Amino acid sequence: MSTATPIQTEVLVIGAGIIGISIALKLQSEGKQVTVLDNQDPKARTSMGNAGAFAFADVIPLATPGIMSKAPKWLLDPLGPLSIPPRYALSILPWMLHFWRASWKDRYHQALSAQSSLMNLSKAALERQIETTQAEHLIRREGQLQLYQGEKEFLASLAGWQTRKQHGVTFELLESPEAIAAIQPGLDKSFTHAGFTPEWKNTVHPAKWLTHLSQAFVDGTGQILNDHAQLIELKSDSVFVKGQTCDYQAQQVVVAAGAWSKTLAASIGDSLPLETERGYNTTLPAGAFALKTHITFSNHGFVVSKVGDQIRVGGAVELGGLALPPNYQRSQMLLDKAKRFMPALKTEGGEQWMGFRPSMPDSLPVISRSSRSDRVVYAFGHGHLGLTQSAGTAELVSDLIHQRPSAIDIAPFSAQRF
């Protein structure tokens, strides 16, 4: 039962994942009194269970021209790199219609340009965040290998690499197993070509990264409260948030609740096509493989990364909502493939995990004021790029809260774009 008197704060951030904490920390650094609200088990947060990559090279949206021709295969292959569980197909149909429209050339090029702008901002913002929180010890600067099996796959990828070049991504194309092995030994010889992005970064451990930023926020007199935000109500001079155990009143509210943001936005009348992209992984014990760099198996939809001394094998996209039970066959399928592609990989003793990525049909997050009130700001829908874009999103949200011009055009991220 809620308390009679709401807890007062200047800014209430709903969501203590990497987006919410980065926003809270940035606002706090600029003089705002900030309270963060979240009731999720920290171990379940996607911010802690991801691959740990700052994927600034991933500027190309998922909704590319021609992708809808592949849609029937998604339903026929439940363990494929991008799938829709049959019992969720009708539920996701409205989202898929927006996705189809986003794949048209005009929308695709708009999204690509916006994504590139956000990536460039986020790349610079991350360096500022690392410096201000003294976090260099939590960063790995080891690059990324994107691998291809044979010349046909490689040639098909060249248009994407040209697009990355046009948007400022630095890379080197490798055209022999020997060149690949010089960067990462131990891969199957079927991988004959690759693209290496040397400026790619990872955190040493996503859970440690989030904990570090959260602690910096708390050390700055910030509060992180455990409660479930159920709905938002707009008042004439403030915003009221009804919680499960307490009520809250703030001058401004930031909704950064990831996949759970849709319900909160709807409570004040904003209907947004936010869906849940379920990602799977397996974390293997220390010593599972001598990994030198982040590896992306492009045409198989998964990555292999270092998490502390452990190895994490994960990825794939399952558009299945929040309610369906996990399908850990997907984790096992990725692990089986990784074993074939990395013969020396030790696959025993792994821990399986599934996380919810909040995804918009055009691959762009919502970073925007609500259509109903300037006092409510949205920051969600980053898909698998939440960690990557967290610092940049924090700076943009701070610009909105302080009513000042942003470093990039934020119109493409508007809540009213659909």
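All figures in this text were calculated on a predicted structure; none of them were measured in a lab.
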Looking at E153 and Q149, would you say the former's side chain and the latter's main chain have a donor-acceptor pair under 3.5 Å?
yes

For Q129, check side chain to side chain donor-acceptor pair (under 3.5 Å) against everything at least two apart and list the hits.
S22

In plain terms, say whether E199 and K123 are close enough for a salt bridge, that is, a side-chain N and a carboxylate O under 4.0 Å apart.
yes

Go through the steps to decide whether D270 and Y378 satisfy the test side chain to side chain donor-acceptor pair (under 3.5 Å), and finish with yes or no.
CA-CA 10 Å; D270 278 328; Y378 297 142; 2.6 Å; yes

Neighbour count above 12 (heavy atom, 6.0 Å) for Q166 CD:
yes

Decide if the gap between the ring center of Y148 and the ring center of H193 is smaller than 6.0 angstrom.
no

Using a 3.5 Å distance criterion without hydrogens, assess whether the side chain of T64 forms a donor-acceptor pair with backbone atoms of I60.
no

Return the minimal non-hydrogen interatomic distance between I19 and G386, and the atom names on each side.
CD1-O, 3.4 Å

Closest approach of A415 and S368, non-hydrogen atoms and distance?
N-OG, 3.0 Å

Between F240 and Y248 (judged by ring centroids, cut-off 6.0 Å), do the two rings come close enough to count as a pair?
no

When you measure from the side chain of S267 to the backbone of L264, do you find a donor-acceptor pair of N or O atoms at a distance under 3.5 Å?
yes

Short question: side chain of N50, backbone of S47 - any donor-acceptor pair under 3.5 Å?
yes

Donor-acceptor side-chain pairing of N327 and Y280 below 3.5 angstrom
no

Can you establish whether the number of heavy atoms outside Q134 located under 6.0 Å from its atom CD is more than 12?
no

Taking the side chain as every heavy atom from C-beta outward, state whether T170 and T197 have any atom pair closer than 4.5 Å.
no

Check: N281 and L334 side chains under 4.5 Å, non-hydrogen atoms:
no

Run the numbers on R141 and E127 for salt bridge (Lys or Arg N to Asp or Glu O under 4.0 Å), then give the verdict.
CA-CA 12 Å; R141 302 176 186 268; E127 296 299 338; 3.0 Å; yes

Are W260 and F380 near enough that their ring centres are under 6.0 Å apart?
no

Does a side-chain heavy-atom distance below 4.5 Å link K26 with V397?
no

N/O donor-acceptor pair under 3.5 Å between T211 side chain and K208 backbone:
no

Counting only heavy atoms not in L90 (residues, nucleotides, ligands), do more than 12 fall under 6.0 Å from its CG?
no

What is the minimum heavy-atom distance between A24 and V36, and which atoms define it?
CB-CG2, 3.5 Å

Say whether R404 and S398, considering side chains only, have a donor N or O and an acceptor N or O under 3.5 Å apart.
yes

Heavy-atom side-chain proximity of I311 to T283 below 4.5 angstrom
no

Point-to-point distance, once rounded to the nearest 0.5 Å, from NE2 of H98 to CD1 of I92
11.5 Å

For the residue pair D409 and S117, establish whether any side-chain heavy-atom pair is separated by less than 4.5 Å.
no

For residues A63 and P361, report the shortest heavy-atom separation together with the two atoms involved.
CB-O, 3.8 Å

Tell me, yes or no, whether the heavy-atom count around E131 atom CD, taken from other residues, nucleotides or ligands under 6.0 Å, exceeds 12.
no

Between the side chains of Q244 and D227, does any donor sit under 3.5 Å from an acceptor?
no

To the nearest 0.5 Å, what is the distance between CG on L272 and CZ on F418?
8.0 Å

Backbone of G195 reached by a side-chain donor or acceptor of Q146 within 3.5 Å:
no

Compare all side-chain heavy atoms of F289 with those of L284 and state whether any distance is below 4.5 angstrom.
no

Heavy-atom pair of closest approach, residues P85 and L319
CD-O, 3.4 Å

Within the structure provided, determine whether M360 and P365 are in side-chain contact (heavy-atom separation under 4.5 Å).
no

Under 3.5 Å donor-acceptor, R140 side chain and N202 backbone
no

So, the side chain of R312 versus the backbone of K306: is there a donor-acceptor pair under 3.5 Å, distance only?
no

Does K337 NZ have over 12 foreign heavy atoms under 6.0 Å away?
yes

Applying the side-chain contact (heavy atoms from CB on, under 4.5 Å) criterion to F297, which one of V304, V303, L145 satisfies it?
V304

If I compare all heavy atoms of T282 with all of L335, which pair ends up nearest, and what's the gap?
CG2-CD2, 4.1 Å

Between R101 and D106 (salt bridge meaning N to carboxylate O under 4.0 Å), is one present in this structure?
yes

Quick check on N299: does its CG atom have over 12 non-hydrogen neighbours (other residues, nucleotides or ligands) under 6.0 Å away?
yes

Any donor-acceptor pair under 3.5 Å linking the side-chain atoms of S331 with those of Q352?
no

Answer yes or no: are there more than 12 heavy-atom neighbours, outside Q329 itself, under 6.0 Å from its atom CD?
no

Side chain to side chain donor-acceptor pair (under 3.5 Å) partners of Q115, counting only residues at least two apart
Q389

Between the side chain of T296 and the main-chain N/O of S298, is any donor-acceptor distance below 3.5 Å?
no

Within 45° of the six-membered ring axis of W161 and under 6.0 Å from that ring's centre, is NZ or CZ of R164 located there?
yes

Is there a side-chain contact between I180 and F196, using heavy atoms and a 4.5 Å cut-off?
no

Do W95 and F99 make the cut of ring centroids closer than 6.0 angstrom?
yes

Between R357 and E275, does at least one N-O distance fall below 4.0 Å, as a salt bridge requires?
no

Please confirm whether the backbone N or O of G269 pairs with a side-chain atom of R372, one donor and one acceptor, at under 3.5 Å?
yes

